[in-house]
Amino acid sequence: MSSSPKPEVRSYRNYIGGQWVKSSTGETFPVYDPSTEEVIANVAAASSADVDRAVGAGRAAFDSGPWPQTTAQDRGRILFGLAAKVRENAAMLAELESRNTGKPIVEAEFDIADVATCFEYYGGLANKVMGNVLPVPANALSFTLREPVGVAGQIIPWNYPLLMAAWKLAPALAAGCTCVLKPAEQTPLTALEFASWLEGVGVPPGVVNVINGVGETTGAALVAHPNVDKIAFTGSAAVGKLIVKSGADTLKRVSLELGGKSPNVFFADADWEAAVDGALFGVFINQGEVCSAGSRILVERKIYSKFVEAMTEKTKRIKLGPPRERDTKMGPLVSKEQYDRVTFYLEIGKKEARLAVGGSRPKQFSKGYYIEPTIFYDVDNSARIAREEIFGPVASVIPFDGEKDAIRIANDTPYGLAAAIWTRDIYKAFRVVKSFRAGIIWVNHMQPTYVEAPWGGYKQSGFGRELGPWGLEEYLETKQVFVNLDETPIGWY
Ligand code: NAI
Ligand code: MG
């Protein structure tokens, strides 16, 4: 265990209209280090009055503030400025992200690098938003304008805190929107540090507001607010459904990136070493707290027993440890709540299937929300551990017989975020790629994510796409303009 001195417990306010604002009710909530279970910060809880103030600031900055007058080129420069701040402060941000989420420091460093890359990508895209000229059959000029959708409410989860903020803020700002961001109540700290650089790089007051609090109050107030034009949400399917219902009252634009129960499918002809590795990486990276986790591992029966054995042996060697130690491969889960939820599924799994490895709290830690990486096998695809998102280091291994059976099982899920296939047969690979009902497909890999490529799901994994030009589209309206060039009257009446 590291013996470095405890960092001070810091206090944070909400960032509204370019000011650090206390809660109108004076309320604060604690934020924890899940590896020590200690409080590391206190954060002002935004009441509905604070949400109203933040939306008002976003509204004013959009309707009458300087943001609409800022050129696309200048918005792009500002995004590059934010990326530079993230790169300059990468070590601090990675440390804080790791401390607050429990994720291994090496993974946090990757996340923070991706945050900067995301701002750079959308910085570059800001002045490449273009309309079309349309060949209408009239003596006229018909064209489209692409305009920002307005004030965007952005609600994000705790598994990749600053990266999820970047996926939402960067395209919104590139499009010319203003933002009210609500981080997850478990992990608000990196977004608040980030907010402290906004003014310095030229983001006008009110263009980005960061408000904190639990979903049921702060989040719900943002979704219901009549002056918010769009909600972008990443989180559970249950809350996604609530957001669609609540947003319906004001017909908000809604984009949703929800969870999954993504299949990771291994054929007998797959490269053995790569396959065993890929199965574990797909489900255990970030403690399994990943929306695209390959939590259903489908294995062709010919290699099934050997594959389960190989995964089991390798899993026993995964190094759980304190998140800031560089050789740690798995830290604690993010919170007591998540620990309890995953523990609940471990008990269900022990009744529904056979346990190959893991299944409880590792004995070497007296504190922290650690869970052993766990593999259940002989899982039936109708079992709860095969249907419900667990969001922890828990794999369900399911045997299959041949291609048709694999596709049937893979698609037999309410979700459709991601899927992967491992084989050396390109005919089979592409047939299966086409058959998968999911928004993200990997062949002979699982999880690589690039800002250039679209991210989002089919079915109950949500709608809309983040990243790439698709991510920008979510923040744009299309206005069609018709300019009559014929000076004769219409002459109808
Ligand atoms: P959640 O969906 O409740 O929380 C995600 C975000 O939504 C947080 O910022 C939260 O404050 C906000 N929120 C919650 N209720 C809200 C409401 N009524 N109105 C507006 N905003 C609301 O997720 P939670 O409770 O942290 O985790 C539960 C499960 O959700 C996990 O076990 C996992 O299965 C899934 N999940 C999926 C994620 C993904 O990336 N797709 C991320 C986090 C959780
Ligand atoms: Mg919740």
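As the structure is a prediction and not an experimental result, all values here were calculated from the model. Just so you know, ligand 1 is whichever comes first in the structure, and atom 1 is the first atom listed for that ligand. We number each residue from 1, following the sequence as shown.
- Looking at E337 next to ligand 1, no N or O pair under 3.5 Å apart turns up.
- Of the N or O atoms in C291, none lie within a sub-3.5 Å distance of an N or O in ligand 1.
- Within ligand 1, the atoms closer than 4.0 Å to a non-hydrogen atom of G259 are 41 (N), numbered from 1 in the order shown.
- Here the protein heavy atom with the shortest distance to atom 29 (C) of ligand 1 is R341 NH1, 3.6 Å.
- Every N/O-N/O distance between T234 and ligand 1 stays at or above 3.5 Å.
- Within the structure, the closest approach of F233 to ligand 1 falls below 4.0 Å when heavy atoms are considered.
- Between G213 and ligand 1, no pair of N/O atoms sits closer than 3.5 Å.
- If you look at L222 next to ligand 1, there are no close heavy atoms at all, none under 4.0 Å.
- Within a 4.0 Å radius of atom 4 (O) of ligand 1, the protein contributes no heavy atom.
- Atom 12 (C) of ligand 1 has as its closest protein heavy atom I155 CG2, 3.6 Å.
- Listed by chain and number, the residues in a side chain to side chain contact (heavy atoms under 4.5 Å, CB included) with D229 are R59, V151 (sequence neighbours excluded).
- Proximity of E289 to ligand 1 is not established, as no heavy-atom distance is less than 4.0 Å.
- Polar contact with ligand 1: absent for P157 (N/O pair, distance under 3.5 Å).
- Looking only at side-chain heavy atoms (C-beta outward), N212 and V210 come within less than 4.5 Å of each other.
- Residue, atom and distance of the protein heavy atom nearest to atom 38 (C) of ligand 1 are F391 CZ, 3.3 Å.
- Every salt bridge (Lys or Arg N to Asp or Glu O under 4.0 Å) that D111 has, sequence neighbours left out, goes to K103.
- F119 pairs with exactly one of F194, W167, W197 by the ring pair (Phe, Tyr, Trp, His ring centres under 6.0 Å) rule, that one being F194.
- No close placement of the F307 and W422 rings is indicated, their centers lying 6.0 Å or farther apart.
- Judged by a 6.0 Å distance limit and a 45° cone about the ring axis, K336 is not positioned over the six-membered ring of Y369.
- Contact atoms of ligand 1 toward N159: 40 (O) (distance under 4.0 Å to a heavy atom of the residue).
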